[in-house]
Number of protein chains: 2
Amino acid sequence: MTDIVLHNYFRSSTSYRVRIALNMKGLDYTYVAHHLRHGGNRAPEYLAVNPQGLVPALVWNDGTMIAQSLAIIEFLDEMHPEPPLLPPDPHGRARVRMLSQMIACDIHPVNNLRVLNALRSRYGADDAEIASWFRHWVNETFEPLEKMLSESPHTGTFCHGNTPGMADICLVAQVANNARFNVDMSAYPTIARIRDACMALPAFEEAAPAKQPDAE
Amino acid sequence: MTDIVLHNYFRSSTSYRVRIALNMKGLDYTYVAHHLRHGGNRAPEYLAVNPQGLVPALVWNDGTMIAQSLAIIEFLDEMHPEPPLLPPDPHGRARVRMLSQMIACDIHPVNNLRVLNALRSRYGADDAEIASWFRHWVNETFEPLEKMLSESPHTGTFCHGNTPGMADICLVAQVANNARFNVDMSAYPTIARIRDACMALPAFEEAAPAKQPDAE
């Protein structure tokens, strides 16, 4: 039993981010699955929890509902500071938030399931076109992200120094999503190296989609 | 003269967010305009500043470049804590970040200029279809946002209590964008009320697109 509930979907990369953060903090939680493809997240009972009807949503042990993965991760970091997911200095935090938001604002929203479904229904986009769309927006951001990571003295084993944090969480979840659309990662050696370093850590590895109870 | 530079575009709602925050903090800055529609943000000189080639980007007075509007706003809040743009408690900060990210992750990225341009070039979307797409994603998030704001005891004159902050900044910039696509705001009385309260404040009003040096 636990008092923390994560509303979740195994394949959702934003859910994946929060699972990694919960694991890094060593927090037990109850996993409640919502099947996005079957519209389970639009059920009235779930809309009563999160009016946006999206996953992830965290219900904290005092009943507070928090939606939006980066808001959840920063909340976890403030409530349970160890190990830190953000650097101690404002400049470092700004850099980690910037790197995180490059993925969370400029890649994921344009490529998530509801947008891809809209491209199919509005414009008749087929699987090949959907994959082309997906890869386009990944590459638009991964090219500068690779450059920024490879050229910065702040980059270490991980995106910021030698301890994993919020930017690594976003990076790993995005790379996992990329694999479903055959994104060529050979142009992104720094991103790939950081991803591999993360996946060697149990907190990341155990949060992977294939390891979740609703995995297909 | 000033040491803070904001790379900017008058009509960009993410730039608008940062202008409001700078005004609220009372910080002078040099306004450098990049004309998104003319591709000015893809110039090599600008890519040397921000490899992503997007606006806004802030160059702080020590030369540090920070991209991504919410990362910039949190940085400004940490460097110049008064007046605060986020609440003092973790639960309040989580709520403000959640409300901000509902707009910054679930509306703006799907509706920004480069995505609308892609809909035109890939699928032949015309002006009416672009407007329909835009309104769809606004309504998908404004419906739950209105509900969350109108039903929460934490909502006051502004999104969180009676002082304006990061969520209000995002809300105002989004409502300004909505007007360009004739979003019907009658279904969103709480959002409209908060927007009006913000626009009565000089920091918001002076950051408006029409007041900027590159306004057309």
Is it the backbone or the side chain of B:M79 that comes under 4.5 Å from a heavy atom of chain A, or both, or neither? side chain
Counting heavy-atom pairs under 4.5 angstrom with chain A, the leader among B:A94, B:G53, B:P90, B:A104 is B:P90
Nearest heavy atoms of A:C105 and B:P109, plus distance in Å: O-CB, 3.0 Å
Quick check on the interface: out of B:I72, B:L70, B:T64, B:V96, who has the most heavy-atom pairs with chain A under 4.5 Å? B:L70
Side chain, backbone, both or neither of A:W133 within contact of chain B (heavy atoms, under 4.5 Å): both
I'd like to verify something: which residue of B:H108, B:E78, B:E140 has the highest number of heavy-atom pairs under 4.5 Å with chain A? B:E78
Contact origin within B:W137 toward chain A - heavy atom pairs under 4.5 Å: side chain
Which atoms of B:L54 come close to chain A, meaning under 4.5 Å heavy atom to heavy atom: side chain ones, backbone ones, both, or neither? side chain
Which region of B:D77, side chain (C-beta onward) or backbone (N, CA, C, O), has a non-hydrogen atom less than 4.5 Å from a non-hydrogen atom of chain A, or is it both or neither? neither
Might you work through the side-chain contact (heavy atoms from CB on, under 4.5 Å) test for B:L119 and A:L119, ending with a clear yes or no? CA-CA 9 Å; B:L119 298 179; A:L119 298 179; 3.9 Å; yes
Of the listed B:E143, B:E151, B:M102, the one with the largest count of heavy-atom pairs under 4.5 Å with chain A is B:M102
So which part of A:N111 gets closer than 4.5 Å to some heavy atom of chain B, the side chain, the backbone, both or neither? neither
Among A:H136, A:K147, A:E129, A:M65, which has the most heavy-atom pairs under 4.5 Å with chain B? A:E129
How close do A:D106 and B:Q52 get, counting heavy atoms only, and between which atoms? OD2-NE2, 2.8 Å
Does the A:Q101 side chain pair with the main chain of B:A71, one donor and one acceptor, at a distance under 3.5 Å? yes
Within-4.5 Å side-chain heavy-atom neighbours: B:V110 and A:N112: no
Under a 4.0 Å N-O cut-off, is there an ion pair linking B:R93 with A:E74? no
Under the criterion side-chain contact (heavy atoms from CB on, under 4.5 Å), I'd like the reasoning laid out for B:R97 against A:F75: C-alpha separation, chi angles, the key distance, then a yes or no. CA-CA 9 Å; B:R97 289 184 179 123; A:F75 177 77; over 6 Å; no
Could you walk me through whether A:S132 and B:R122 pass the side chain to side chain donor-acceptor pair (under 3.5 Å) check? CA-CA 11 Å; A:S132 165; B:R122 285 177 175 251; 3.2 Å; yes
Quick check on the interface: out of B:N50, B:L47, B:T14, B:D62, who has the most heavy-atom pairs with chain A under 4.5 Å? B:D62
Neighbour count >12 (heavy atoms, 6.0 Å) for atom NZ, B:K25: yes
